[in-house]
Participant: 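Handing you this structure, nothing more for now.
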Amino acid sequence: MTDVCTSEPAGAIRAIDKHSVHRICSGQVVLSLATAVKELVENSIDAGATNVEVKLKECGAEQIEVSDNGRGVEEANFEGLALKHHTSKLRDFSDLIHVETFGFRGEALSSLCALSDLSVITCHESSQIGTKLLFDHKGHLVQQSPCPRQQGTTVTLQQLFYTLPVRHKEFQRNIKKEFAKMIHVLQAYCIVSTGVRITCSNQTGQGKRSAVLSTGGSQSMRDNIGAIFGPKQMQSLLPFRQVSPSENIMEEYGLKDGDLPKQLFTLSGFVSTGDHGVGRSASDRQFFFINSRPCDPVKVSKLVNEVYHMYNRHQYPFVALNIAVASDCVDVNVTPDKRQIFLQEEKLLLAILKSSLINMYEAGVNKMSLNYTPTVSSASKEVHLPVEDKAEPAETNQPGTPSPKSTMNLAALKAAFSNQNSALSGSKSSTEKASKSWPSQKTLQCFFKGSVKSPVQPRTEAAKGSLGVWAELHRFRNERASVRENDSERGLAVESQDPQHPVSFKPVVENVTHDSSVSQNLHEDPELQAEACSPVEDSVIIPEAKRARRDDPRFTAERTPDSASSTTDVPVCLQRRTMPLHFCLQALAAGMKRLQQQQRRRAADRLCYRRFRANISPGENQRAEDELRREISKDMFKEMEIIGQFNLGFIITKLNSDIFMIDQHATDEKYNFEMLQQHTVLQGQRLIVPQKLHLTAVSENVLLENVEIFQKNGFEFLIDEDAQVMERVKLVSLPTSRNWTFGPADIEELIFMLSDSPGVMCRPSRVRQMFASRACRKSVMIGTALSVSEMKKLVIHMGEIEHPWNCPHGRPTMRHLANLEIISQD
């Protein structure tokens, strides 16, 4: 049999036609909504505009319009406006070194023509009337008509990405995320473009156009930050102060002072203070610029966060940092979006940045307010400071003191702590003095005097008098329990022949281990012997041992005394018959052979491999969860067979040949937690006066689009659509639940989560903590004996929740123990 070759011979190498090249390359230049808006805004700023307005319809899915009051386009440049690699910024490659504009390749409008329907309305400063231009997908001008317009340019895009069906469908599906990314990119240009007023608005359906962000055209970067993020963000910012790198940091980066250029980098901008609470929960407000060009320097961003975490380890800083450097030391022509930039002497930049940040944050460390007072003891109502410690602040506040760490407040704090330690471990005389001046404290024994005796004291007559009460209680309990449990499981033998006489109890001791010292004391001390020989009181003090109950239907009901007495002394008549049994050894051997063949066939058909390899250890929790998630589906929990309960805390189950161990408390806690998450509606407490939230325009829009989710979390707002941006929403009701109270910080956390997953029901972290605490308290505890049906119920519940593999506190719920087929039969 000859092999048939199905592959065609390699064709000749030919050039791709220009139209195909244009479409292929255009899809690489404009990748997202953020890239499209960025290119148009950069063109406006390059044209010298002082007012740039971005208008979107349906978050940019239907239409994008960018208008400016720049110089406009001359009529001589109409034909080449949207052609590939046509630009006014460069004439040859050598000009690239000294380029200072955002755009220089001549690719933006050409690529946008290939991906959408593009039209331009422009009026040059030398023209009396504007002109409307229409372009085809190749960038050729197809229509030109006069149109009234003031000086400037308006570029309109219709149906972005509709020429690429797959990308267009994905773009429409993720339009909310695309819109959020676009806003983040636009915020960078709003911050760095001083003297330029940039506004952005969005229109949904036929509704009113809502403002998303706006700047006032200030000449200060700080004012632009306040216009975008509100005055609250401005209050927590430090202006960046550049210092020369220290010797230790120079050595860390392998730099030598003599070989480095001087004044190569100039850093300016703002960064958050290191105080806890002023940072962000994520790095969503970090903006870096090189020569006022927004970019993504990975090493710089990583260094800023690492230094900030030295002083505030749980949060991320707000950063707006501009790095000015000579243009011949920068390469901006690296990626199509120009966000990746290469720098000369990058290690020197990192050394300067690290030294400057450490110097800024160290200046704020060890500072306290001068009105600080040590914590007053509730027992003494006064603070005791030694005489020498009180004199120390006067010395440390001398102007000649070089170290800022030995300040007056730290000395007082140190004295307060040392005073507490000396009060605990002081001499006997100091203790006696303190006892005279401090009010006397009652010990725990004072509250129980006369009611609780020491364990080594003999029983009193009061205890003997309560013997009849305890006897009656035990008789009542045993009469109720006799219907459902055997008396032998109680640990007590009951003798109640005569109801008029008190009931006597005989303790049943099983597997009791005695300490040698305790037994010796019992033999030596007659009082302890008397105590040990009181059976009634021992049965009261020692709790009953919890035992697992089985409600297997195969077992019959336990017999009551009546049923036992009714079957006594009754003659039983048994009728026996003799039946012939036909037996054939050959037929039995043939049947066994067929059964073995069937078993071998099933074993061959079944894929035998180790599905679970992770060990039960904290270091392999993630690997074990991945295996369970891959191999166990939600339907399989119903098929699991309950083997029993181990150590009153773990359920042992069997699925086919695999044995699993399930934590009864953790799995019940996770089920209760998810039920609380889904169905609990928090009740709100109305405020006396509506509270301003100081949200940014973007956060305000996220809140307005997800009001129902906030209402389910107990927040209610007063919304004024006609009010100014960032003042349209006021808080009128806060959720409260018992001892839990919530505030604006939880609103900001919800907004952050909803910006990533719009429309998805989510809860703030503090609400999750509250639900986790409630779920823990209402769940089955370790040490509780469970019946088979109760264990089965917990296992079935695992198949009804989204993430059954660990509890809200991170504790594993289920682990694989063994596979019966792999275990050796020997």
Side-chain angles (χ1 to χ4, degrees), residues 30 35-57 60 62-91 99-160 186 189-190 193-203 209 211-217 219:
V30 179
T35 310
V37 174
K38 171 189 101 61
E39 296 290 351
L40 297 180
V41 171
E42 286 181 348
N43 286 345
S44 298
I45 297 175
D46 288 342
T50 58
N51 188 5
V52 180
E53 187 174 1
V54 181
K55 296 181 180 180
L56 305 176
K57 284 187 179 180
E62 296 293 330
Q63 179 176 301
I64 304 169
E65 179 181 300
V66 178
S67 303
D68 64 65
N69 62 347
R71 290 183 293 270
V73 182
E74 291 182 308
E75 186 174 358
N77 295 326
F78 287 169
E79 291 288 342
L81 181 62
L83 292 178
K84 202 76 168 179
H85 304 306
H86 284 58
T87 180
S88 61
K89 316 294 174 52
L90 300 176
R91 283 179 291 183
V99 68
E100 296 181 355
T101 57
F102 287 116
F104 50 82
R105 294 200 194 107
E107 292 180 324
L109 291 179
S110 174
S111 299
L112 291 173
C113 283
L115 301 174
S116 63
D117 294 330
L118 185 141
S119 62
V120 178
I121 301 176
T122 183
C123 179
H124 191 257
E125 55 189 354
S126 61
S127 302
Q128 299 296 324
I129 190 172
T131 305
K132 183 176 182 179
L133 309 174
L134 296 179
F135 297 89
D136 61 9
H137 293 312
K138 298 179 182 180
H140 297 153
L141 180 62
V142 295
Q143 185 177 348
Q144 176 179 343
S145 59
C147 180
R149 199 207 188 283
Q150 295 180 349
Q151 178 182 331
T153 303
T154 300
V155 181
T156 305
L157 305 178
Q158 302 279 352
Q159 298 291 328
L160 183 63
L186 192 59
Y189 289 91
C190 292
S193 301
T194 55
V196 180
R197 180 178 179 269
I198 300 178
T199 60
C200 179
S201 60
N202 180 50
Q203 182 181 7
R209 181 171 293 277
V212 178
L213 58 83
S214 175
T215 60
Q219 296 293 332

Participant: Compare every heavy atom of Arg209 with every heavy atom of Leu56, then report the nearest pair and how far apart it is.
Facilitator: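 Smallest heavy-atom distance, with atoms named: O-NH1, 3.2 Å.
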
Participant: Which pair of non-hydrogen atoms, one from Leu134 and one from Leu141, has the smallest distance, and what is that distance?
Facilitator: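 Of all heavy-atom pairs spanning Leu134 and Leu141, the closest is O-CD1, 3.4 Å.
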
Participant: Say whether, by atom type as modelled, one donor and one acceptor occur between the side chain of Ser193 and the main chain of Tyr189 under 3.5 angstrom.
Facilitator: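 Here the side-chain-to-backbone pair exists.
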
Participant: With a 4.5 Å heavy-atom cut-off, do Lys55 and Ser201 have their side chains touching?
Facilitator: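 They are in side-chain contact.
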
Participant: For the backbone of Ile198 and the side chain of Thr215, can you confirm whether one donor and one acceptor N or O come within less than 3.5 Å of each other?
Facilitator: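 Yes, Thr215 side chain to Ile198 backbone: donor-acceptor pair under 3.5 Å.
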
Participant: Among Thr153, Thr154, Val66, exactly one meets side-chain contact (heavy atoms from CB on, under 4.5 Å) together with Ser44. Which residue is that?
Facilitator: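 With Ser44 as partner, side-chain contact (heavy atoms from CB on, under 4.5 Å) holds for just one option, Val66.
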
Participant: A side-chain contact here means heavy atoms from C-beta on lying under 4.5 Å apart; do Thr122 and Leu81 qualify?
Facilitator: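 Counting from C-beta outward, Thr122 and Leu81 never come under 4.5 Å.
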
Participant: Determine the minimum heavy-atom distance between Thr131 and Gln144, stating which atoms define it.
Facilitator: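 Taking every non-hydrogen atom into account, CG2-CG, 3.5 Å.
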
Participant: Determine, stepwise, if the pair Ser67 / Arg149 fulfils side-chain contact (heavy atoms from CB on, under 4.5 Å).
Facilitator: CA-CA 11 Å; Ser67 303; Arg149 199 207 188 283; 4.0 Å; yes

Participant: Got a second to check how far Leu40's CG is from Leu109's CG, nearest 0.5 Å?
Facilitator: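 Atom-to-atom, Leu40:CG and Leu109:CG are 6.5 Å apart.
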
Participant: Test your reading of the model: is there a side-chain donor-acceptor pair from His137 to the backbone of Cys113, 3.5 Å cut-off?
Facilitator: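 Judged by distance alone, yes, a pair lies under 3.5 Å.
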
Participant: Would you confirm whether Asn51, through its side chain, and Asn69, through its main-chain N or O, come within 3.5 Å as a donor-acceptor pair?
Facilitator: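 No; judged by distance alone, with no hydrogens or angles, the pair does not exist.
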
Participant: So Leu118 and Leu133, do their side chains get closer than 4.5 Å, heavy atoms only?
Facilitator: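 Not in contact.
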
Participant: If I compare all heavy atoms of Leu186 with all of Cys200, which pair ends up nearest, and what's the gap?
Facilitator: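 For Leu186 and Cys200, the tightest heavy-atom pair comes out as CD2-CB, 3.7 Å.
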
Participant: Would you tell me whether Glu62 and Gln158 have side-chain atoms, one donor and one acceptor, within less than 3.5 Å of each other?
Facilitator: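 Looking only at side-chain atoms, Gln158 and Glu62 do not form any donor-acceptor pair under 3.5 Å.
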
Participant: If I compare all heavy atoms of Leu157 with all of Ala36, which pair ends up nearest, and what's the gap?
Facilitator: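 Closest pair (atom of Leu157, atom of Ala36, distance): CD1-CB, 4.4 Å.
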
Participant: What pair of heavy atoms forms the shortest contact from Gly60 to Asn202, and how long is it?
Facilitator: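 Smallest heavy-atom distance, with atoms named: N-OD1, 4.5 Å.
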
Participant: Should Val120 and Phe135 count as side-chain neighbours, where that means a heavy-atom distance under 4.5 Å?
Facilitator: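 Yes, their side chains come closer than 4.5 Å.
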
